[in-house]
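Worksheet for the structure shown next.
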Protein chains: 2
Amino acid sequence: MFIKAKQSRVFQDVVEQIQNAIISGKLEPGSKLPAERELKDMFNTSRGTLREALRVLEQKGLIEIKLGVSGGAIIKRIDAGIMIESMALLIRSGEVSLEHLAEFRIKTEGSIMELATQRATKKDIKELEKLFNRAKDYYEQSDWENFLLTDEKMHTYIGTITRNPVFQFVQKTIHDNIHLYYNEFLPMDKDRSLENLMDFKRIIDAMKAGDQKAASEIIMDHVKRFNDKMLEKTRKKPKE
Amino acid sequence: MFIKAKQSRVFQDVVEQIQNAIISGKLEPGSKLPAERELKDMFNTSRGTLREALRVLEQKGLIEIKLGVSGGAIIKRIDAGIMIESMALLIRSGEVSLEHLAEFRIKTEGSIMELATQRATKKDIKELEKLFNRAKDYYEQSDWENFLLTDEKMHTYIGTITRNPVFQFVQKTIHDNIHLYYNEFLPMDKDRSLENLMDFKRIIDAMKAGDQKAASEIIMDHVKRFNDKMLEKTRKKPKE
DNA sequence: CAACTTCAAATGGTTAAACCATTGACTCTA
DNA sequence: TAGAGTCAATGGTTTAACCATTTGAAGTTG
(Lines give C-alpha, C1' and ligand atoms only; values in the text may rest on other atoms or scores of the structure.)
Protein backbone atom coordinates (compact mmCIF):
# COMPACT_ATOMS: atom_id res chain seq x y z
CA MET A 1 0.00 0.00 0.00
CA PHE A 2 2.47 2.58 1.17
CA ILE A 3 6.14 2.87 0.43
CA LYS A 4 8.45 4.00 3.15
CA ALA A 5 8.81 7.74 3.38
CA LYS A 6 12.28 8.71 2.28
CA GLN A 7 14.41 10.04 5.05
CA SER A 8 15.60 13.51 4.28
CA ARG A 9 19.29 13.52 3.89
CA VAL A 10 20.51 16.70 2.27
CA PHE A 11 23.14 14.99 0.14
CA GLN A 12 20.50 12.65 -1.30
CA ASP A 13 18.47 15.60 -2.44
CA VAL A 14 21.54 17.02 -4.15
CA VAL A 15 22.25 13.67 -5.79
CA GLU A 16 18.72 13.44 -7.13
CA GLN A 17 18.72 16.95 -8.52
CA ILE A 18 21.99 16.49 -10.37
CA GLN A 19 21.09 12.97 -11.48
CA ASN A 20 17.79 14.14 -12.91
CA ALA A 21 19.52 16.93 -14.76
CA ILE A 22 21.87 14.37 -16.30
CA ILE A 23 19.19 11.81 -17.15
CA SER A 24 16.91 14.38 -18.69
CA GLY A 25 19.74 15.62 -20.85
CA LYS A 26 19.97 19.08 -19.32
CA LEU A 27 23.57 18.25 -18.54
CA GLU A 28 25.38 16.62 -21.43
CA PRO A 29 28.25 14.16 -21.31
CA GLY A 30 31.52 16.03 -21.41
CA SER A 31 30.18 19.18 -19.81
CA LYS A 32 31.41 20.23 -16.42
CA LEU A 33 29.65 20.95 -13.16
CA PRO A 34 30.59 24.18 -11.35
CA ALA A 35 33.34 24.00 -8.74
CA GLU A 36 32.51 22.55 -5.34
CA ARG A 37 32.63 25.95 -3.68
CA GLU A 38 30.09 27.27 -6.17
CA LEU A 39 27.80 24.24 -6.06
CA LYS A 40 27.76 24.39 -2.30
CA ASP A 41 26.27 27.88 -2.52
CA MET A 42 23.83 26.93 -5.28
CA PHE A 43 22.41 24.11 -3.16
CA ASN A 44 22.77 26.18 0.00
CA THR A 45 24.68 23.48 1.81
CA SER A 46 28.14 22.85 3.18
CA ARG A 47 31.08 21.60 1.20
CA GLY A 48 31.25 18.34 3.13
CA THR A 49 27.66 17.46 2.39
CA LEU A 50 28.07 18.45 -1.24
CA ARG A 51 31.14 16.25 -1.53
CA GLU A 52 29.19 13.28 -0.17
CA ALA A 53 26.70 13.84 -2.98
CA LEU A 54 29.48 14.01 -5.57
CA ARG A 55 30.94 10.80 -4.17
CA VAL A 56 27.62 9.02 -4.76
CA LEU A 57 27.31 10.37 -8.29
CA GLU A 58 30.87 9.31 -9.00
CA GLN A 59 30.18 5.80 -7.70
CA LYS A 60 27.07 5.60 -9.86
CA GLY A 61 29.27 6.29 -12.87
CA LEU A 62 27.49 9.53 -13.71
CA ILE A 63 30.42 11.87 -13.20
CA GLU A 64 34.17 11.71 -13.18
CA ILE A 65 36.23 14.00 -10.98
CA LYS A 66 39.51 15.52 -12.04
CA LEU A 67 42.12 17.24 -9.95
CA GLY A 68 43.83 20.58 -10.23
CA VAL A 69 42.86 23.90 -11.78
CA SER A 70 40.41 23.33 -14.62
CA GLY A 71 39.55 20.10 -12.82
CA GLY A 72 36.13 19.31 -11.43
CA ALA A 73 33.17 17.02 -12.01
CA ILE A 74 32.67 16.04 -15.63
CA ILE A 75 29.45 14.40 -16.81
CA LYS A 76 30.19 10.90 -18.09
CA ARG A 77 28.41 8.99 -20.80
CA ILE A 78 26.73 6.01 -19.15
CA ASP A 79 28.67 2.82 -19.73
CA ALA A 80 28.83 -0.72 -18.38
CA GLY A 81 31.24 0.28 -15.62
CA ILE A 82 28.94 -0.17 -12.63
CA MET A 83 27.57 -3.46 -13.91
CA ILE A 84 31.07 -4.77 -14.47
CA GLU A 85 31.98 -3.81 -10.93
CA SER A 86 28.83 -5.35 -9.47
CA MET A 87 29.49 -8.60 -11.26
CA ALA A 88 33.09 -8.55 -10.10
CA LEU A 89 31.87 -8.21 -6.52
CA LEU A 90 29.51 -11.15 -6.92
CA ILE A 91 32.29 -13.30 -8.31
CA ARG A 92 34.92 -12.27 -5.78
CA SER A 93 32.55 -12.84 -2.88
CA GLY A 94 31.88 -16.37 -4.13
CA GLU A 95 28.21 -15.63 -4.67
CA VAL A 96 28.66 -16.43 -8.36
CA SER A 97 30.96 -19.26 -9.42
CA LEU A 98 32.66 -19.61 -12.76
CA GLU A 99 30.28 -22.48 -13.55
CA HIS A 100 27.32 -20.18 -12.99
CA LEU A 101 28.86 -17.60 -15.22
CA ALA A 102 29.66 -20.15 -17.92
CA GLU A 103 26.12 -21.47 -17.94
CA PHE A 104 24.84 -17.96 -18.36
CA ARG A 105 27.36 -17.29 -21.11
CA ILE A 106 26.37 -20.36 -23.08
CA LYS A 107 22.74 -19.35 -23.18
CA THR A 108 23.32 -15.65 -23.63
CA GLU A 109 26.04 -15.77 -26.23
CA GLY A 110 23.95 -18.28 -28.13
CA SER A 111 21.13 -15.77 -28.25
CA ILE A 112 23.46 -12.92 -29.09
CA MET A 113 24.90 -14.94 -31.94
CA GLU A 114 21.45 -15.58 -33.40
CA LEU A 115 20.59 -11.90 -33.35
CA ALA A 116 23.97 -10.87 -34.67
CA THR A 117 23.68 -13.28 -37.57
CA GLN A 118 20.28 -11.83 -38.41
CA ARG A 119 21.51 -8.28 -38.32
CA ALA A 120 25.12 -8.33 -39.49
CA THR A 121 25.85 -6.01 -42.38
CA LYS A 122 28.68 -6.54 -44.81
CA LYS A 123 30.59 -3.93 -42.89
CA ASP A 124 30.14 -5.89 -39.69
CA ILE A 125 31.48 -9.04 -41.31
CA LYS A 126 34.45 -7.10 -42.63
CA GLU A 127 35.15 -5.72 -39.18
CA LEU A 128 35.02 -9.22 -37.69
CA GLU A 129 37.38 -10.50 -40.36
CA LYS A 130 39.73 -7.65 -39.64
CA LEU A 131 39.72 -8.53 -35.95
CA PHE A 132 40.16 -12.20 -36.78
CA ASN A 133 43.20 -11.54 -38.95
CA ARG A 134 44.68 -9.28 -36.34
CA ALA A 135 44.21 -11.95 -33.67
CA LYS A 136 45.82 -14.49 -35.97
CA ASP A 137 48.85 -12.24 -36.42
CA TYR A 138 49.22 -11.81 -32.69
CA TYR A 139 48.89 -15.55 -32.27
CA GLU A 140 51.66 -16.22 -34.76
CA GLN A 141 53.84 -13.62 -33.09
CA SER A 142 53.07 -15.19 -29.71
CA ASP A 143 51.92 -11.78 -28.48
CA TRP A 144 49.49 -13.13 -25.90
CA GLU A 145 48.51 -9.87 -24.35
CA ASN A 146 47.29 -8.42 -27.62
CA PHE A 147 45.89 -11.74 -28.72
CA LEU A 148 43.65 -11.86 -25.67
CA LEU A 149 42.59 -8.27 -26.12
CA THR A 150 41.62 -8.88 -29.71
CA ASP A 151 39.78 -12.05 -28.79
CA GLU A 152 37.78 -10.07 -26.26
CA LYS A 153 37.08 -7.42 -28.90
CA MET A 154 35.62 -10.03 -31.22
CA HIS A 155 33.21 -11.16 -28.53
CA THR A 156 32.10 -7.66 -27.66
CA TYR A 157 31.82 -6.71 -31.32
CA ILE A 158 29.36 -9.54 -31.83
CA GLY A 159 27.38 -7.89 -29.05
CA THR A 160 27.57 -4.60 -30.93
CA ILE A 161 26.09 -6.19 -34.03
CA THR A 162 22.87 -7.01 -32.17
CA ARG A 163 22.17 -3.24 -32.05
CA ASN A 164 20.67 -3.89 -28.64
CA PRO A 165 22.39 -2.04 -25.80
CA VAL A 166 21.16 -4.54 -23.20
CA PHE A 167 23.03 -7.36 -24.89
CA GLN A 168 25.98 -5.06 -25.38
CA PHE A 169 26.16 -4.22 -21.69
CA VAL A 170 25.75 -7.83 -20.68
CA GLN A 171 28.42 -9.01 -23.09
CA LYS A 172 30.83 -6.34 -21.91
CA THR A 173 30.13 -7.17 -18.27
CA ILE A 174 30.78 -10.86 -18.76
CA HIS A 175 33.90 -10.50 -20.83
CA ASP A 176 35.51 -7.83 -18.72
CA ASN A 177 35.17 -10.13 -15.75
CA ILE A 178 36.38 -13.18 -17.62
CA HIS A 179 39.37 -11.18 -18.74
CA LEU A 180 40.08 -10.03 -15.20
CA TYR A 181 39.87 -13.56 -13.94
CA TYR A 182 41.82 -14.97 -16.81
CA ASN A 183 44.71 -12.59 -16.34
CA GLU A 184 44.83 -13.26 -12.67
CA PHE A 185 44.67 -17.02 -12.55
CA LEU A 186 45.35 -18.72 -15.81
CA PRO A 187 48.54 -19.10 -17.78
CA MET A 188 48.34 -18.94 -21.56
CA ASP A 189 47.68 -22.16 -23.38
CA LYS A 190 48.84 -22.23 -26.97
CA ASP A 191 46.69 -25.10 -28.18
CA ARG A 192 43.54 -23.79 -26.61
CA SER A 193 44.14 -20.40 -28.17
CA LEU A 194 44.42 -21.78 -31.68
CA GLU A 195 41.27 -23.81 -31.20
CA ASN A 196 39.47 -20.71 -29.95
CA LEU A 197 40.65 -18.67 -32.84
CA MET A 198 39.50 -21.20 -35.41
CA ASP A 199 36.02 -21.17 -33.89
CA PHE A 200 35.78 -17.56 -34.96
CA LYS A 201 36.60 -18.48 -38.51
CA ARG A 202 33.69 -20.93 -38.49
CA ILE A 203 31.44 -18.33 -36.88
CA ILE A 204 32.21 -15.77 -39.53
CA ASP A 205 31.49 -18.31 -42.23
CA ALA A 206 28.15 -19.19 -40.64
CA MET A 207 27.28 -15.51 -40.40
CA LYS A 208 28.11 -15.02 -44.04
CA ALA A 209 25.77 -17.88 -44.88
CA GLY A 210 23.12 -16.35 -42.61
CA ASP A 211 22.94 -19.59 -40.70
CA GLN A 212 21.74 -18.47 -37.26
CA LYS A 213 21.52 -21.93 -35.81
CA ALA A 214 25.02 -22.95 -36.85
CA ALA A 215 26.59 -19.74 -35.63
CA SER A 216 24.79 -20.04 -32.33
CA GLU A 217 25.82 -23.65 -31.85
CA ILE A 218 29.44 -22.95 -32.61
CA ILE A 219 29.67 -20.20 -30.04
CA MET A 220 27.85 -22.25 -27.42
CA ASP A 221 30.25 -25.10 -27.95
CA HIS A 222 33.13 -22.62 -27.94
CA VAL A 223 32.09 -21.28 -24.56
CA LYS A 224 31.51 -24.77 -23.21
CA ARG A 225 34.98 -25.93 -24.17
CA PHE A 226 36.55 -22.77 -22.82
CA ASN A 227 34.82 -23.31 -19.54
CA ASP A 228 35.81 -26.96 -19.28
CA LYS A 229 39.45 -26.02 -19.78
CA MET A 230 39.16 -23.28 -17.23
CA LEU A 231 37.62 -25.57 -14.63
CA GLU A 232 40.23 -28.22 -15.24
CA LYS A 233 43.00 -25.72 -14.68
CA THR A 234 41.56 -23.98 -11.67
CA ARG A 235 41.04 -27.37 -10.04
CA LYS A 236 44.63 -28.31 -10.63
CA LYS A 237 45.84 -24.93 -9.45
CA PRO A 238 43.51 -23.86 -6.67
CA LYS A 239 44.10 -20.30 -5.56
CA GLU A 240 44.16 -20.74 -1.83
CA MET B 1 51.36 -2.88 -20.88
CA PHE B 2 50.84 -0.65 -17.90
CA ILE B 3 47.65 0.21 -16.12
CA LYS B 4 47.23 3.70 -14.82
CA ALA B 5 48.63 4.18 -11.35
CA LYS B 6 45.77 4.67 -8.94
CA GLN B 7 45.61 8.10 -7.50
CA SER B 8 45.82 8.02 -3.78
CA ARG B 9 42.64 9.25 -2.26
CA VAL B 10 42.38 8.41 1.40
CA PHE B 11 38.70 7.55 1.26
CA GLN B 12 39.33 5.06 -1.55
CA ASP B 13 41.83 3.25 0.58
CA VAL B 14 39.28 3.05 3.37
CA VAL B 15 36.64 1.77 0.93
CA GLU B 16 38.97 -0.94 -0.32
CA GLN B 17 39.93 -2.11 3.13
CA ILE B 18 36.35 -2.40 4.32
CA GLN B 19 35.18 -3.88 1.02
CA ASN B 20 37.85 -6.56 1.12
CA ALA B 21 36.92 -7.42 4.68
CA ILE B 22 33.33 -7.88 3.56
CA ILE B 23 34.12 -9.85 0.41
CA SER B 24 36.52 -12.14 2.19
CA GLY B 25 33.89 -12.85 4.82
CA LYS B 26 35.76 -11.26 7.71
CA LEU B 27 32.72 -9.05 8.17
CA GLU B 28 29.46 -10.95 7.98
CA PRO B 29 26.09 -9.67 6.80
CA GLY B 30 24.15 -8.33 9.72
CA SER B 31 27.20 -7.36 11.75
CA LYS B 32 27.90 -3.74 12.45
CA LEU B 33 30.89 -1.53 11.79
CA PRO B 34 32.19 0.58 14.68
CA ALA B 35 30.82 4.09 15.04
CA GLU B 36 32.16 6.79 12.72
CA ARG B 37 34.13 8.43 15.50
CA GLU B 38 35.86 5.13 16.25
CA LEU B 39 36.48 4.16 12.62
CA LYS B 40 37.99 7.56 11.98
CA ASP B 41 40.61 6.83 14.62
CA MET B 42 41.18 3.26 13.41
CA PHE B 43 41.94 4.51 9.89
CA ASN B 44 43.71 7.56 11.25
CA THR B 45 41.69 9.95 9.14
CA SER B 46 39.08 12.64 9.61
CA ARG B 47 35.38 12.08 10.00
CA GLY B 48 34.59 13.82 6.72
CA THR B 49 36.87 11.58 4.72
CA LEU B 50 35.60 8.51 6.51
CA ARG B 51 32.03 9.49 5.73
CA GLU B 52 32.88 9.80 2.04
CA ALA B 53 34.11 6.23 2.19
CA LEU B 54 30.92 5.07 3.91
CA ARG B 55 28.88 6.86 1.27
CA VAL B 56 30.64 4.88 -1.46
CA LEU B 57 30.13 1.58 0.36
CA GLU B 58 26.49 2.44 0.88
CA GLN B 59 26.05 3.22 -2.81
CA LYS B 60 27.72 -0.06 -3.72
CA GLY B 61 25.07 -1.82 -1.67
CA LEU B 62 27.60 -3.25 0.77
CA ILE B 63 26.38 -1.47 3.88
CA GLU B 64 23.23 0.14 5.14
CA ILE B 65 23.34 3.06 7.54
CA LYS B 66 20.88 3.54 10.35
CA LEU B 67 20.24 6.58 12.48
CA GLY B 68 20.14 7.16 16.19
CA VAL B 69 21.75 5.44 19.14
CA SER B 70 22.44 1.80 18.27
CA GLY B 71 22.48 3.00 14.67
CA GLY B 72 25.52 2.73 12.41
CA ALA B 73 26.76 0.91 9.32
CA ILE B 74 25.38 -2.61 8.99
CA ILE B 75 26.89 -5.10 6.53
CA LYS B 76 24.32 -6.04 3.91
CA ARG B 77 23.96 -9.30 2.05
CA ILE B 78 24.71 -8.62 -1.62
CA ASP B 79 21.53 -8.40 -3.67
CA ALA B 80 20.41 -7.21 -7.08
CA GLY B 81 19.88 -3.65 -5.83
CA ILE B 82 22.69 -1.93 -7.70
CA MET B 83 21.96 -3.76 -10.94
CA ILE B 84 18.31 -2.82 -10.70
CA GLU B 85 19.28 0.79 -10.20
CA SER B 86 21.78 0.74 -13.06
CA MET B 87 19.19 -0.67 -15.41
CA ALA B 88 16.67 1.90 -14.24
CA LEU B 89 19.16 4.63 -15.10
CA LEU B 90 19.71 3.21 -18.56
CA ILE B 91 15.98 3.07 -19.20
CA ARG B 92 15.20 6.49 -17.79
CA SER B 93 17.99 8.10 -19.76
CA GLY B 94 16.61 6.62 -22.97
CA GLU B 95 19.74 4.59 -23.58
CA VAL B 96 17.65 1.41 -23.39
CA SER B 97 14.15 1.36 -24.87
CA LEU B 98 11.35 -0.94 -23.87
CA GLU B 99 11.77 -2.72 -27.19
CA HIS B 100 15.40 -3.41 -26.34
CA LEU B 101 14.39 -4.74 -22.98
CA ALA B 102 11.64 -6.90 -24.45
CA GLU B 103 13.99 -8.44 -26.99
CA PHE B 104 16.39 -9.27 -24.20
CA ARG B 105 13.57 -10.69 -22.11
CA ILE B 106 12.33 -12.96 -24.86
CA LYS B 107 15.72 -14.58 -25.30
CA THR B 108 16.66 -14.65 -21.63
CA GLU B 109 13.39 -15.85 -20.19
CA GLY B 110 13.33 -18.51 -22.89
CA SER B 111 16.69 -19.76 -21.66
CA ILE B 112 15.65 -19.48 -18.04
CA MET B 113 12.54 -21.49 -18.76
CA GLU B 114 14.56 -24.29 -20.35
CA LEU B 115 16.85 -24.53 -17.35
CA ALA B 116 13.99 -24.26 -14.88
CA THR B 117 12.13 -27.08 -16.60
CA GLN B 118 15.24 -29.24 -16.39
CA ARG B 119 15.76 -28.55 -12.73
CA ALA B 120 12.34 -28.08 -11.19
CA THR B 121 11.63 -30.35 -8.23
CA LYS B 122 8.16 -31.36 -7.17
CA LYS B 123 8.39 -28.76 -4.46
CA ASP B 124 9.14 -26.09 -7.05
CA ILE B 125 6.10 -27.07 -9.08
CA LYS B 126 3.98 -26.95 -5.94
CA GLU B 127 5.27 -23.49 -5.12
CA LEU B 128 4.45 -22.30 -8.63
CA GLU B 129 0.97 -23.73 -8.38
CA LYS B 130 0.50 -22.01 -5.06
CA LEU B 131 1.52 -18.70 -6.60
CA PHE B 132 -0.70 -19.35 -9.59
CA ASN B 133 -3.73 -20.00 -7.40
CA ARG B 134 -3.02 -16.96 -5.33
CA ALA B 135 -2.78 -14.81 -8.46
CA LYS B 136 -6.05 -16.28 -9.69
CA ASP B 137 -7.75 -15.34 -6.42
CA TYR B 138 -6.48 -11.80 -6.64
CA TYR B 139 -7.65 -11.63 -10.22
CA GLU B 140 -11.13 -12.74 -9.29
CA GLN B 141 -11.19 -10.23 -6.46
CA SER B 142 -9.95 -7.54 -8.85
CA ASP B 143 -7.09 -6.83 -6.45
CA TRP B 144 -4.70 -5.54 -9.08
CA GLU B 145 -1.93 -4.49 -6.80
CA ASN B 146 -1.53 -7.94 -5.30
CA PHE B 147 -2.20 -9.62 -8.62
CA LEU B 148 0.72 -7.79 -10.18
CA LEU B 149 2.98 -8.56 -7.23
CA THR B 150 2.16 -12.25 -7.44
CA ASP B 151 2.68 -12.27 -11.20
CA GLU B 152 6.11 -10.79 -10.65
CA LYS B 153 6.83 -13.40 -8.00
CA MET B 154 6.06 -16.18 -10.44
CA HIS B 155 8.57 -14.78 -12.91
CA THR B 156 11.30 -14.40 -10.31
CA TYR B 157 10.56 -17.81 -8.84
CA ILE B 158 11.20 -19.38 -12.21
CA GLY B 159 14.57 -17.66 -12.03
CA THR B 160 15.10 -19.20 -8.60
CA ILE B 161 14.48 -22.68 -9.97
CA THR B 162 17.48 -22.37 -12.30
CA ARG B 163 19.70 -22.48 -9.18
CA ASN B 164 21.94 -20.04 -10.99
CA PRO B 165 22.37 -16.68 -9.24
CA VAL B 166 23.29 -14.92 -12.47
CA PHE B 167 19.93 -15.72 -13.99
CA GLN B 168 18.28 -14.85 -10.71
CA PHE B 169 19.88 -11.41 -10.60
CA VAL B 170 19.06 -10.76 -14.24
CA GLN B 171 15.47 -11.83 -13.82
CA LYS B 172 15.05 -9.68 -10.73
CA THR B 173 16.63 -6.71 -12.46
CA ILE B 174 14.35 -6.95 -15.46
CA HIS B 175 11.14 -7.50 -13.56
CA ASP B 176 11.75 -4.85 -10.95
CA ASN B 177 12.17 -2.37 -13.75
CA ILE B 178 9.17 -3.62 -15.69
CA HIS B 179 7.14 -3.32 -12.53
CA LEU B 180 8.37 0.20 -11.93
CA TYR B 181 7.51 1.21 -15.46
CA TYR B 182 4.23 -0.60 -15.45
CA ASN B 183 3.04 1.08 -12.29
CA GLU B 184 4.06 4.45 -13.56
CA PHE B 185 2.62 4.42 -17.03
CA LEU B 186 0.12 1.71 -17.69
CA PRO B 187 -3.41 1.26 -16.41
CA MET B 188 -4.56 -2.26 -15.62
CA ASP B 189 -6.08 -4.26 -18.44
CA LYS B 190 -8.42 -7.01 -17.34
CA ASP B 191 -8.34 -9.10 -20.52
CA ARG B 192 -4.59 -8.98 -20.83
CA SER B 193 -4.23 -10.06 -17.24
CA LEU B 194 -6.35 -13.15 -17.67
CA GLU B 195 -4.45 -14.10 -20.79
CA ASN B 196 -1.18 -13.65 -18.92
CA LEU B 197 -2.35 -15.72 -16.04
CA MET B 198 -3.46 -18.60 -18.24
CA ASP B 199 -0.01 -18.69 -19.84
CA PHE B 200 1.34 -19.68 -16.46
CA LYS B 201 -1.08 -22.58 -16.28
CA ARG B 202 0.30 -23.86 -19.57
CA ILE B 203 3.86 -23.28 -18.40
CA ILE B 204 3.32 -25.29 -15.24
CA ASP B 205 1.83 -28.12 -17.30
CA ALA B 206 4.80 -28.10 -19.66
CA MET B 207 7.16 -28.17 -16.70
CA LYS B 208 5.33 -31.11 -15.20
CA ALA B 209 5.74 -32.93 -18.50
CA GLY B 210 9.41 -31.97 -18.58
CA ASP B 211 8.89 -30.37 -21.98
CA GLN B 212 11.64 -27.75 -22.08
CA LYS B 213 10.92 -26.61 -25.59
CA ALA B 214 7.20 -26.10 -24.99
CA ALA B 215 7.73 -24.23 -21.73
CA SER B 216 10.33 -22.03 -23.34
CA GLU B 217 8.11 -21.24 -26.32
CA ILE B 218 5.14 -20.38 -24.18
CA ILE B 219 7.08 -17.89 -22.11
CA MET B 220 8.69 -16.33 -25.17
CA ASP B 221 5.30 -15.86 -26.74
CA HIS B 222 3.98 -14.57 -23.43
CA VAL B 223 6.66 -11.92 -23.27
CA LYS B 224 6.18 -11.01 -26.90
CA ARG B 225 2.45 -10.45 -26.46
CA PHE B 226 3.01 -8.48 -23.27
CA ASN B 227 5.44 -6.25 -25.08
CA ASP B 228 3.16 -5.69 -28.06
CA LYS B 229 0.39 -4.56 -25.74
CA MET B 230 2.74 -2.33 -23.86
CA LEU B 231 4.01 -0.68 -27.01
CA GLU B 232 0.51 -0.19 -28.31
CA LYS B 233 -0.50 1.56 -25.11
CA THR B 234 2.55 3.71 -24.70
CA ARG B 235 2.16 4.89 -28.29
CA LYS B 236 -1.43 5.88 -27.67
CA LYS B 237 -0.57 7.54 -24.39
CA PRO B 238 2.82 9.16 -24.82
CA LYS B 239 4.21 10.45 -21.58
CA GLU B 240 5.28 13.90 -22.64
C1' DC C 1 62.57 34.20 -30.63
C1' DA C 2 62.21 29.62 -28.61
C1' DA C 3 62.71 26.86 -24.91
C1' DC C 4 62.85 26.45 -20.24
C1' DT C 5 61.80 27.83 -15.37
C1' DT C 6 59.25 29.80 -11.92
C1' DC C 7 55.27 31.16 -9.76
C1' DA C 8 50.50 32.09 -8.77
C1' DA C 9 45.81 30.80 -8.74
C1' DA C 10 41.99 27.56 -9.08
C1' DT C 11 40.41 23.31 -7.91
C1' DG C 12 39.73 18.95 -5.46
C1' DG C 13 41.38 16.42 -0.98
C1' DT C 14 41.76 16.52 4.01
C1' DT C 15 41.41 17.97 8.73
C1' DA C 16 39.29 19.70 13.03
C1' DA C 17 35.80 21.13 16.11
C1' DA C 18 31.45 22.14 16.99
C1' DC C 19 26.49 21.69 16.80
C1' DC C 20 21.90 19.48 15.24
C1' DA C 21 18.49 15.48 14.81
C1' DT C 22 17.10 10.90 15.61
C1' DT C 23 16.61 7.06 18.30
C1' DG C 24 16.33 3.98 22.13
C1' DA C 25 16.90 3.07 26.82
C1' DC C 26 16.52 4.58 31.38
C1' DT C 27 14.27 7.07 35.14
C1' DC C 28 10.79 9.23 37.40
C1' DT C 29 6.05 9.95 38.55
C1' DA C 30 1.14 9.47 38.99
C1' DT D 1 2.41 -0.46 35.83
C1' DA D 2 1.78 2.92 32.10
C1' DG D 3 3.11 7.06 30.55
C1' DA D 4 6.06 11.16 30.37
C1' DG D 5 10.33 13.07 30.59
C1' DT D 6 15.41 12.89 30.34
C1' DC D 7 19.79 11.60 28.66
C1' DA D 8 23.38 9.77 25.88
C1' DA D 9 25.08 7.60 21.64
C1' DT D 10 25.04 7.84 16.92
C1' DG D 11 24.63 9.66 12.23
C1' DG D 12 23.91 14.35 9.66
C1' DT D 13 25.53 19.04 8.88
C1' DT D 14 28.17 23.20 9.12
C1' DT D 15 32.27 26.11 9.13
C1' DA D 16 36.91 27.44 8.45
C1' DA D 17 41.22 26.43 7.51
C1' DC D 18 45.02 24.17 5.24
C1' DC D 19 47.24 20.72 1.82
C1' DA D 20 48.20 18.79 -2.98
C1' DT D 21 47.70 18.84 -7.84
C1' DT D 22 47.40 20.93 -12.07
C1' DT D 23 47.53 24.44 -15.52
C1' DG D 24 48.57 28.57 -17.59
C1' DA D 25 50.82 32.92 -17.35
C1' DA D 26 54.80 35.45 -16.50
C1' DG D 27 59.48 35.74 -16.43
C1' DT D 28 64.23 34.17 -17.75
C1' DT D 29 67.81 32.64 -20.46
C1' DG D 30 70.25 30.86 -24.36
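Here is the naming used below: chain letters follow the sequence lines, and residue numbers restart at 1 for every chain. Atoms considered below: every heavy atom in the structure, side chains included; atoms not considered: hydrogens, waters and symmetry mates.
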To the nearest Å, give me how far apart [atom1] ([X]) and [atom2] ([N]) are.
X       : N      : atom1 : atom2 : value
B:Ile74 : D:dG11 : CD1   : P     : 10 Å
A:Leu54 : D:dT13 : CG    : P     : 14 Å
B:Lys40 : D:dG11 : NZ    : P     : 12 Å
A:Leu50 : C:dT14 : CG    : P     : 15 Å
B:Lys32 : D:dA9  : NZ    : P     : 13 Å
B:Glu36 : C:dA16 : CD    : P     : 16 Å
A:Arg9  : D:dT13 : CZ    : C1'   : 13 Å
B:Asn44 : C:dT14 : CG    : C1'   : 12 Å

Net bend of the helix from C:dC1-D:dG30 to C:dA30-D:dT1, end axes of five pairs each, nearest 10 degrees: 10°
What pairs of donor and acceptor atoms, side-chain ones from residues 70-77 of chain B against any protein atom, are under 3.5 angstrom apart with sequence neighbours left out?
none

Taking salt bridge (charged side-chain N to carboxylate O under 4.0 Å, His left out) as the definition, give me every residue that meets it alongside [X], ordered by chain and number, with sequence neighbours left out.
X        : answer
B:Asp151 : none
B:Lys130 : B:Glu127
A:Glu58  : A:Arg55, B:Arg9

Report all side-chain donor-acceptor pairs from residues 165-176 of chain B shorter than 3.5 Å, counting only partners two or more places apart or in another chain.
residue: B:Gln168; atom: NE2; partner: B:Thr160; partner atom: O; Å: 3.3
residue: B:Gln171; atom: NE2; partner: B:Glu109; partner atom: OE1; Å: 3.4
residue: B:Gln171; atom: NE2; partner: B:His155; partner atom: O; Å: 3.1
residue: B:Lys172; atom: NZ; partner: B:Asp176; partner atom: OD1; Å: 2.8
residue: B:Thr173; atom: OG1; partner: B:Phe169; partner atom: O; Å: 2.7
residue: B:His175; atom: NE2; partner: B:Glu109; partner atom: OE2; Å: 2.7
residue: B:His175; atom: NE2; partner: B:His155; partner atom: ND1; Å: 3.4

Partners passing side-chain contact (heavy atoms from CB on, under 4.5 Å) against A:Asp137 (at least two apart in sequence or in another chain): A:Glu140, A:Gln141
Residue pairs involving residues 84-95 of chain A (criterion salt bridge (charged side-chain N to carboxylate O under 4.0 Å, His left out); sequence neighbours excluded): A:Glu85-B:Lys60
Under 4.0 Å protein heavy-atom contact, by nucleotide of nucleotides 18-26 of chain C - B base, S sugar-phosphate only: BB--BBS--
